[in-house]
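If you scroll down you'll find the structure; I have some questions about it.
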Amino acid sequence: MFALLRRLTCASITNSRKLNQVRCYASFTVRDVLRDTSDETGTLLTRFAKHIAIDRYKCEEHVLPPTKIRYSDYFPITDEHYFRRSVQQTDASQLPALIIHASSYRSNAVPAMYAKALNVLDAHATAQLDKMDVSTVLETLYAFLFLIPNWLRRIDFYHAAMRRLVQEAAGSKQRFLQICFYLGLQKQHQQTDLETMLATQLGKHLANLTPLDLALVCNAAYKTSTLVTGEVRQAYETALVDAILNLKLDGDSVPDDSLLVCYVKALRFQRVHDERICQHLQSICLESTQLTKLQPRGLAHIFAYFAEMRWDQPECMQALVERLLSFNPGELRAKDVSTFLWSCAQLNCSLTAEQLRQLEVVALRKLNNGEYDRFPDQLVDACLSLVILGHHSKQLFDGAEELKAAQRQRQRAQPKVDSRLTVLRSAVAIEHPEWTDVKTKQAFKELARAPAYLLSQREDLTAYANQLSADAEVEGVDLVCPIAGINLPSLRVQTQGEQASIYFIELLTPEQTLKFSRSATSLLRLKRRLLETLDQRVVLLHSGEMASNAQALQQLLEQTATAKKELKQAAQGLNN
């Protein structure tokens, strides 16, 4: 779609000497050449590209005819029409060499002529695709990658070649890796192409993949949001776990921090939860020389993996927080800031007021710089995470509302983001009602029944509700979701007698409990805080600590209140 829109709006090559020249659709314009350097590309992409460049010559199927063309036969371009005719007469097998020759011409070329040369090469390569064998297709793709690394996805030949390659049997390991690499460059490509290829071909080569080979495959799957499924899934996930456990970041070894991050991203996407990975990553985070090798985006993924595993080991969390806060704001992407804040909120990290203010300033700077304009969901996440951590920012909240409203007018709905925004609005309506038009009664609905789909996996709640209902002092038990947007069911217990009371009981599952502190995860903590702000009585229970009657509930509530009071006094004493 992007290429089509560009062609409808951009000028292209002239192919007639008449006054009314006919213009063809083109992939590149002079503006592109002047504006984009195109050779500034990611180090990981460069590493993968070099790897397949070397590895492709190990493939017995990769046989190419000798080069018969010369640079001087085509360059420098003095006559556009002569150049086009020369290219059109070039055999399909010689196109890779011709495209490589164009890289030498680039440094001395006039931008307008260089853009025309790119378009001519692209058009002829696309026209000759049916005459190419698979080796020539792959070699032509690599030649274009060498010439225009950041622009490869914009040429017609790339998209036509991908349609051709996904229909071919991968064959050797080297050919399989090359096709995976090129499929992984197109984030919006058909997911089924790579998914089908991995399901049918990955099992044949998995045992022979080197750490760099595996990183290339899992990076392609992650970039295209392709889940590895089928019979090969378990073997693939085992290979990822083994690769991380065997990866060292010692000072004498080749820096493999980028491979580590590739594996962690793949594990997160596959939803592989393994405590051995947490222990290994923790050992890296607690070793300062290894921790400093990791870039912000890598640290954010590692922090997020800890959060998904509910791994709140205090020393590890402190090391990650201090390291991430040591970077300059310009070194952090808006996405990294949002991920960092979400991880802190999920793991209940103890951040000082100064650190929270520092993070707010970083997010505000990125908001003012327009870094959230295309990604309002990241701003919503950052703002909500700060609220969960107990820090409110009216500027961030207003910015999130404005960006989300603007996005809603031009894009399709995003239910998950809208749900998080609803939670944010509820929190603001309860704790800072002057900031929003949302009324407290809209945010807090005491008798809002929990939907059936939320209770399908919570037999513990329904069984406990029946148990409490049998107590003579309990008038009624309801399964409710009292805070708008927080879809976590609670028990609303109403007692009778002289000391009639209403309690909200939160029954924690193992998935809602942090590993070391045994505290609740982020949304449950926020829910409890909001209910207590509304002067509601909240009892937090683990499955093994349930109270069987109203009297026991009151005792637990009093114990909790006493413990919170002592903790508050201790904190005040430290501050003094």
Contacts of type side chain to side chain donor-acceptor pair (under 3.5 Å), residue Asn219, not counting sequence neighbours: none
Side chain to side chain contact (heavy atoms under 4.5 Å, CB included) partners of Val87, counting only residues at least two apart: Tyr74, Phe83, Leu98, Val120, Leu121, His124
Residues two or more places apart in sequence or in another chain: which of them pass side chain to side chain contact (heavy atoms under 4.5 Å, CB included) with Ser385? Leu341, Trp342, Ala345
Identify, with sequence neighbours excluded, every residue that meets salt bridge (Lys or Arg N to Asp or Glu O under 4.0 Å) alongside Arg164. Glu168
I'd like to check the side chain to side chain donor-acceptor pair (under 3.5 Å) partners of Gln88; sequence neighbours left out, ordered by chain and number. none
In chain order, what residues pass the ring-ring contact (aromatic ring centres under 6.0 Å, His included) check against Tyr372, with sequence neighbours excluded? none
Suppose we screen for side chain to side chain donor-acceptor pair (under 3.5 Å). Which residues come up paired with His301, at least two apart in sequence or across chains? Arg268
Not counting sequence neighbours, which residues clear side chain to side chain donor-acceptor pair (under 3.5 Å) with Gln128? List them please. none
According to salt bridge (charged side-chain N to carboxylate O under 4.0 Å, His left out), does anything in residues 204-216 pair up with another residue at least two apart or in another chain? List the pairs. Lys173-Asp213
Taking only residues two or more places apart in sequence, or in another chain, which ones meet Gln295 in a side chain to side chain contact (heavy atoms under 4.5 Å, CB included)? none
For Tyr71, give me all partners under ring-ring contact (aromatic ring centres under 6.0 Å, His included), at least two apart in sequence or on another chain. Phe75
Could I get the full list of side chain to side chain contact (heavy atoms under 4.5 Å, CB included) partners for Ser93, not counting sequence neighbours? Pro65, Asp91
With a 4.5 Å cut-off on side-chain heavy atoms, are Trp151 and Leu118 touching? yes
Between Gln378 and Lys335 (side chain of the first, backbone of the second, donor and acceptor by atom type, cut-off under 3.5 Å), is there such a pair? yes
